[in-house]
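Everything on this sheet refers to the single structure shown next.
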Amino acid sequence: MLPVNPERFLADLHMLRSFGAAGVGKGVVRPAYSDADIAARAWLAERMREAGLAVHVDPVGSVFGLAEGRSLLMGSHSDSQPEGGWLDGALGVIAALEVARSSVEAGGPAVSVVSFEDEEGRFGVTTGSAVWSGNLPLAKADGLTDRDGVTFADARARMPGRSEGFVDPSRFSGFLEMHIEQGPVLDREGEAIGVVDAIVGIRDMKITFVGEQNHAGTTPMQGRRDAFQALSRFNTLIAERFANVVTPATVWTIGHVALHPNASSIVPGKVTFSMQWRDGDADRLKRMEAIIRETAEEVAAKRGFDLSFGPMLGLEPVDMDARLRGALESAAVAEVPGRWRSMPSGALHDATNVSKLMPVAMLFVPSIGGISHAFGEDTDEADLVTGLNVLARAVDALG
């Protein structure tokens, strides 16, 4: 196994957390292109240089630390949710940095490192790796806006040191991404490692109902064209109509709602909301899309609303590469015999996009209480080191 340095690894992980540290516990606020994100990426770039890697910041702000010649690419992302934890994405970047650094020191295999930009979707879905992989053309990405109306083009222009060109993916033999599980399974079962067998697919779009804004005190209930009531009816119908289509592993979420004019004494005339759904079966994702569109059209027609759909964003389900996955499984057997499992990922990751370019595989460590995308996100440091050791064994075996 490569002689990784757990103390150095943990120190770097805690240092990265200091950029945007907030809230209780080990909370982090480091959204893509924020001041904290830009500062964190500058720090990461310097650590990569110190490790003997050549730094390349691509046009969207993803930071690569490149080994000479053909190499194995490893990493994740370092941006956070608007209220996130210290490990989501950051763990994969710092673990990759430590393995790459240790491999340089020991004369081991060539390992490159990446921190993709905007994995958390301030502007889309895993935006940085989606652009790099070709899943999302840069010109289309530039037109995306965040919830405050800022365009992706304007946001990425804030990132200093960007190159005009993207890294050629042909220089990499594969991609490994280490991550916290972001779910309760490993923690609940007392297991130390999860080797991912597949990542679910995702669909995400915005839906808008436009009714009629009016006085909340003088407008009779009968005949109102209340936009929130349209959303409420849509939500109820969707749950009913999905019942015979979905499985227990299928999830869907209305996570962001913008009501206009959002005032207590006004019947709202417009609502725009996010609709996101995830499943491991591409055909089921398509059937759910059809139900969503038909249901929205029915609600709009029955109650006299104008209806519009935003652009569809999404990624297909992805199976992990057998060779890379096998190396992780063998490393888990050696490191924690009887305390690991194969498992799917219900969360989306950059590995989904990268799979269009090269073989990919993923490794999970437990999330305490299954908590993620929250300030309470955490993992025991012994489990973090175990994950690092499994990753290092796999890289050493892959040569």
Legend entry - Short side-chain to backbone donor-acceptor contact, T126 and H349, under 3.5 Å: no
Inset, instruction - Could you grab the distance from atom NZ of K206 to atom CG of L313, nearest 0.5 Å is fine? - result: 9.0 Å
Legend entry - Donor-acceptor contact below 3.5 Å, side chain R341 vs main chain E189: no
Legend entry - Gap separating the CD1 atom of I180 from the OG1 atom of T379, nearest 0.5 angstrom: 5.5 Å
Inset, instruction - Mind listing the closest non-hydrogen atom pair of P261 and G269 along with its distance? - result: CD-N, 4.4 Å
Inset, instruction - Answer yes or no: is there a donor N or O on one side and an acceptor on the other, between the side chain of S342 and the main chain of D197, under 3.5 Å? - result: no
Inset, instruction - State whether the number of non-hydrogen atoms from other residues, nucleotides or ligands found under 6.0 Å of R147 atom CZ is greater than 12. - result: no
Legend entry - L285 backbone acceptor or donor facing W277 side chain under 3.5 Å: yes
Inset, instruction - Supply the atom-to-atom distance S76 OG to I94 CD1, rounded to the nearest 0.5 angstrom. - result: 11.0 Å
Inset, instruction - Would you sort out whether F234 and M275 count as a side chain to side chain contact (heavy atoms under 4.5 Å, CB included), showing the intermediate values? - result: CA-CA 11 Å; F234 170 84; M275 185 70 205; 4.0 Å; yes
Legend entry - Shortest non-hydrogen separation from A296 to F209 and the atoms involved: O-CE2, 3.5 Å
Legend entry - Backbone of A382 reached by a side-chain donor or acceptor of T386 within 3.5 Å: yes
Legend entry - Joint hydrophobic cluster, M205 plus F273, side-chain heavy atoms closer than 4.5 Å: yes
Inset, instruction - Would you please test E298 and K302 for salt bridge (Lys or Arg N to Asp or Glu O under 4.0 Å) and show each step? - result: CA-CA 6 Å; E298 178 183 315; K302 187 172 183 179; 5.9 Å; no
Inset, instruction - Taking the side chain as every heavy atom from C-beta outward, state whether L348 and Q276 have any atom pair closer than 4.5 Å. - result: no
Inset, instruction - Look only at the side chain of R278 and the backbone of A249, and say whether a donor-acceptor pair between them is shorter than 3.5 Å. - result: no
Legend entry - Hydrophobic cluster membership, M320 vs V200, 4.5 Å side-chain cutoff: no
Legend entry - R162 to P59 - nearest heavy-atom pair and separation: NH1-O, 2.9 Å
Inset, instruction - Evaluate the side chain to side chain contact (heavy atoms under 4.5 Å, CB included) criterion for residues L328 and L176: first the C-alpha distance (whole Å), next the side-chain angles of each, then the deciding distance (0.1 Å), finally the verdict. - result: CA-CA 9 Å; L328 291 173; L176 292 180; 4.2 Å; yes
Inset, instruction - Indicate yes or no: does E105 engage R101 in a salt bridge with an N to O separation below 4.0 Å. - result: no
Legend entry - Under 3.5 Å donor-acceptor, Q213 side chain and I266 backbone: no
Inset, instruction - Would you kindly say whether D154 and T151 are connected by a side-chain donor-acceptor distance under 3.5 Å? - result: yes
Inset, instruction - Grab the two heavy atoms, one from E377 and one from L87, that are nearest each other, plus how far apart they are. - result: OE2-N, 2.9 Å
Legend entry - salt_bridge(K286, E289) N-O dist < 4.0 Å: no
Inset, instruction - State whether a side-chain donor-acceptor pair under 3.5 Å links E98 with S102. - result: yes
Inset, instruction - Compute whether any side-chain donor of one residue and acceptor of the other, for H14 and E381, lie under 3.5 angstrom apart. - result: yes
Inset, instruction - Verify the cluster assignment for V210 and V257: are they in a single hydrophobic cluster under the rule of side-chain heavy atoms below 4.5 Å apart? - result: no
Inset, instruction - For residues V299 and F305, report the shortest heavy-atom separation together with the two atoms involved. - result: O-CD1, 4.3 Å
Result block: side-chain N/O donor-acceptor pairs under 3.5 angstrom for residues 113-121, not counting sequence neighbours:
| from | atom 1 | to | atom 2 | distance (Å) |
| --- | --- | --- | --- | --- |
| S115 | OG | R41 | NH1 | 3.3 |
| S115 | OG | S78 | N | 3.1 |
| S115 | OG | S78 | OG | 2.7 |
| E117 | OE1 | R41 | NH2 | 3.1 |
| E117 | OE2 | R41 | NE | 3.2 |
| D118 | OD1 | G121 | N | 3.3 |
| D118 | OD1 | R122 | N | 2.7 |
| D118 | OD2 | F123 | N | 3.2 |
| D118 | OD2 | T127 | OG1 | 2.6 |
| E119 | OE1 | H77 | NE2 | 3.1 |
| E120 | OE1 | Q81 | NE2 | 2.8 |
| E120 | OE1 | H373 | NE2 | 3.4 |

Inset, instruction - Sort out for me which residue in I292, I254, L231, V271 forms a side-chain contact (heavy atoms from CB on, under 4.5 Å) with I207. - result: I292
Legend entry - Steps toward salt bridge (Lys or Arg N to Asp or Glu O under 4.0 Å) verdict (E50, R47): CA-CA 5 Å; E50 292 172 357; R47 296 301 276 164; 2.5 Å; yes
Inset, instruction - Would you confirm whether S163, through its side chain, and G165, through its main-chain N or O, come within 3.5 Å as a donor-acceptor pair? - result: no
Legend entry - Gap between atom CD of E329 and atom CH2 of W340 - 0.5 Å precision: 4.0 Å
Inset, instruction - List the steps and the verdict of side chain to side chain contact (heavy atoms under 4.5 Å, CB included) for N214 and R224. - result: CA-CA 8 Å; N214 215 328; R224 284 190 181 195; over 6 Å; no
Legend entry - L72 side chain reached by S112 side chain, heavy atoms, under 4.5 Å: no
Inset, instruction - Can you see which heavy atom on A282 is nearest to which on P317, and at what distance? - result: N-CG, 4.0 Å
Legend entry - Audit row: E294, R241, side chain to side chain contact (heavy atoms under 4.5 Å, CB included) steps and yes/no: CA-CA 11 Å; E294 290 167 4; R241 293 173 181 182; 5.8 Å; no
Legend entry - Test item: E177 and V354 side chains (from C-beta on) under 4.5 Å apart, heavy atoms: no
Inset, instruction - Could you grab the distance from atom CH2 of W86 to atom NZ of K26, nearest 0.5 Å is fine? - result: 4.0 Å
Legend entry - Test item: L66 and R171 side chains (from C-beta on) under 4.5 Å apart, heavy atoms: yes
Legend entry - Trace of the salt bridge (Lys or Arg N to Asp or Glu O under 4.0 Å) decision for E316 with R203: CA-CA 9 Å; E316 298 303 313; R203 300 289 185 270; 2.6 Å; yes
Below 3.5 Å, can you tabulate the donor-acceptor pairs from side chains in residues 355-366 to any protein atom, sequence neighbours excluded?
| from | atom 1 | to | atom 2 | distance (Å) |
| --- | --- | --- | --- | --- |
| S355 | OG | T352 | O | 2.6 |
| K356 | NZ | N135 | OD1 | 3.2 |

Legend entry - Identified side-chain contact (heavy atoms from CB on, under 4.5 Å) counterpart of R30 within the set D35, D79, L16: L16
Legend entry - Atom pair CG (D281) and OG1 (T250), whose distance is rounded to the nearest 0.5 Å: 8.5 Å
Inset, instruction - Please tell me if the side chains of I38 and M159 come closer than 4.5 Å, counting only heavy atoms from C-beta onward. - result: yes
Legend entry - Side-chain (S330) to main-chain (A327) donor-acceptor, under 3.5 angstrom: no
Legend entry - Short side-chain to backbone donor-acceptor contact, S345 and I199, under 3.5 Å: no
Inset, instruction - Take R293 and E297 through the salt bridge (Lys or Arg N to Asp or Glu O under 4.0 Å) test and state the conclusion after the steps. - result: CA-CA 6 Å; R293 291 184 183 275; E297 289 166 358; over 6 Å; no
Legend entry - Mutual orientation of the aromatic rings belonging to W132 and F172 [parallel < 30°, tilted 30-60°, perpendicular > 60°]: perpendicular
Legend entry - Distance-only polar pair, side chains of S367 and Q182, donor-acceptor under 3.5 Å: no
